[in-house]
Amino acid sequence: MQCFLRIPYRPRRWWRINQNHLYGLGHMYNDLCAAMWFSYMLLFFQAVLEMRAVVAGAMLLLGQVVDALATPIVGILADKYSTKKAWHLTGCLLVTCTFPLLFIRCRNCWPNKNSEYLMWWMPLYYAILITIFQIGWAVVQISHLAIIPSITDNLHIRSELTSIRYMASVISSLAVYFITWIVLRATNYSTFIRPTDDYKFRDVSLIISGIGILSYIIFHVVFKLKPHKQPKSNGHAGESGENEPLNFLAKSKIMHFLQMPLLYQTSCLYVFSRLYWALSLVYVPLFLEERLSVNPTEGSELVASVPLVLYISSLIFSFLLKSNINKIGHQVAYFIGSFLSLISCMWIALAISPEANVAQIYLVAALIGAGSAITLVSSLCVTADLIGPHSHQGALIYSIVTFADKLVTGIAVMAIENYKCDDAISCPQYYRGVLTYACGGSAVLGILSLSITIISTNHSKSKPQT
């Protein structure tokens, strides 16, 4: 008779596996927007709207600063009020209302119009859209990340959910570049991106918005968030008597995390992995556009096909990492990813000249994708390990870890655009240098941060327990 008690277990396991995969849909719209934002925002602003490089860089910096400032606020509020899914839906609606407009030319924003009018109206218009969009993006990101530790304490399942989340991100980005490649090939062919190509960016943004809206509707209808039970505190006091010690305990745990050196070391690992990824996304298309001035026969669709290869490589390696990351360890995986990232930057510096074969560019793109996938997944797994059983502080910790990433990325892009020559003839390979030194520096800093983390962890373990 007792053997029949095992029968209900299979449906639970089947439900859990499907729910894990459905979890990835919750961040798909954000991932679609991020791929478009980082890869084509500067290209759209500079080549289509003909903004000055420093103004375009300031727009991206504004977005990153707003995102960085919104992140900790969202983290604190999401842990205190309402549910993670309610916050997630709110963020999705804000993104839906603003993102498509970012790639649609504003009214009377043609270059032949009044230049004084455009100097203040165009930046103001897009700055307002960017501010609302980035607030919504931050709400979706933090609430979705905070769902991971809310579901389970099992580190293996958390790593699996993180890998699924990243795989969904890669698939979303693949969709962006594939759609962009189709649109650039199917519409009027052009060697360079011109102001008259604005309708191509508009079409791409509307298509991916439709896909993103469908994904988060499915997520909210089908995905069932069933948080694991938190351990109950000792004592038999009533509700009014329990609230005070529980609030005090929560505050003490927050202070405990803020005083942990491991929190800031983990933040550095995440920051430098994201910085490498973001700078690669931003400057690979601009590097290719720069290259087209020397080899115009290669065609403008190269700005979509090369990132497409980059993300196919990311997808393959994130899939391989999903089942093997717990075997090799998160820190070892991070080191391997950083090493591959560094090799790709050295390859660009030594071999990718303006006359280099296109096949080499695709190979480097594959290497960039592999390094990005490994470092991003492993750094998020390290963060989930840091949270441990404290899932009720999950949103706050993720917001702390991601805060510096967004700020550093915005400042880096602004600095790079500020030092760009006004005349392309004066620095014909500027963006090649960016991919070499800025991205390579991010990989080196990631390795240094990992080394410091390992040394400090081993040192704390060797201390005698008191």
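Keep in mind that the numbers below use all heavy atoms, side chains included, and drop hydrogens, waters and symmetry copies.
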Which label fits [X] and [Y]: parallel for a plane angle under 30°, tilted from 30 to 60°, or perpendicular past 60°?
| X | Y | result |
| --- | --- | --- |
| Trp137 | His27 | perpendicular |
| Phe201 | Tyr40 | perpendicular |
| His144 | Tyr23 | parallel |
| Phe339 | Phe335 | parallel |

Checking side-chain polar atoms at under 3.5 Å, does [X] have a donor or acceptor matched by the opposite partner on [Y]?
| X | Y | answer |
| --- | --- | --- |
| Tyr362 | Ser305 | yes |
| Gln46 | Glu417 | yes |
| Ser344 | Tyr276 | yes |
| Tyr29 | Ser172 | no |

Within a strict 4.5 Å, meaning less than it, do heavy atoms of the [X] and [Y] side chains meet?
| X | Y | answer |
| --- | --- | --- |
| Phe287 | Ile352 | yes |
| Val358 | Arg291 | yes |
| Tyr311 | Leu281 | yes |
| Leu450 | Ser338 | no |
| Val48 | Phe103 | no |
| Tyr126 | Val55 | no |
| Lys406 | Val65 | no |
| Met59 | Met41 | no |

Could you tell me if Lys200 sits above the aromatic ring of Phe44, with its cationic atom closer than 6.0 Å to the ring centre and no more than 45 degrees from the axis?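 No, cation not above the ring by the 6.0 Å, 45° rule.
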Under 3.5 Å, is there a donor-acceptor pair between the side chain of Glu290 and the main chain of Tyr430?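 A pair under 3.5 Å: yes.
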Hey, does the side chain of Ser39 reach the backbone of Met36 with a donor-acceptor pair shorter than 3.5 angstrom? no
Checking Asp405 now: which residues fulfil salt bridge (charged side-chain N to carboxylate O under 4.0 Å, His left out) with it, not counting sequence neighbours?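 Salt bridge (charged side-chain N to carboxylate O under 4.0 Å, His left out) list for Asp405, sorted by chain: Arg274.
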How many angstroms lie between atom CD1 of Ile182 and atom CZ of Phe178, to the nearest 0.5 angstrom? 3.5 Å
Where do Tyr283 and Leu42 land on the side chain to side chain contact (heavy atoms under 4.5 Å, CB included) test, with the steps shown first? CA-CA 9 Å; Tyr283 289 109; Leu42 285 182; 4.2 Å; yes
Provide the closest heavy-atom pair for Gly371 versus Ser341 in the form atom of the first, atom of the second, distance.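 Scanning both residues, the minimum pair turns out to be CA-OG, 3.5 Å.
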Mind listing the closest non-hydrogen atom pair of Gly440 and Leu342 along with its distance? O-CD1, 3.8 Å
Might you confirm whether atom OH of Tyr437 has over 12 heavy atoms from other residues, nucleotides or ligands at distances under 6.0 Å?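 Not more than 12 within 6.0 Å, no.
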So, using side-chain contact (heavy atoms from CB on, under 4.5 Å) as the criterion, who are the partners of Leu445 when residues are at least two apart?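 In terms of side-chain contact (heavy atoms from CB on, under 4.5 Å), with neighbours along the sequence ignored, Leu445 is linked to Phe272, Leu448.
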Please report the C-alpha distance between Tyr216 and Asn30 in whole Å, then the side-chain angles of each, then the deciding distance to 0.1 Å, and finally whether the side chain to side chain contact (heavy atoms under 4.5 Å, CB included) criterion is met. CA-CA 10 Å; Tyr216 77 71; Asn30 256 29; over 6 Å; no
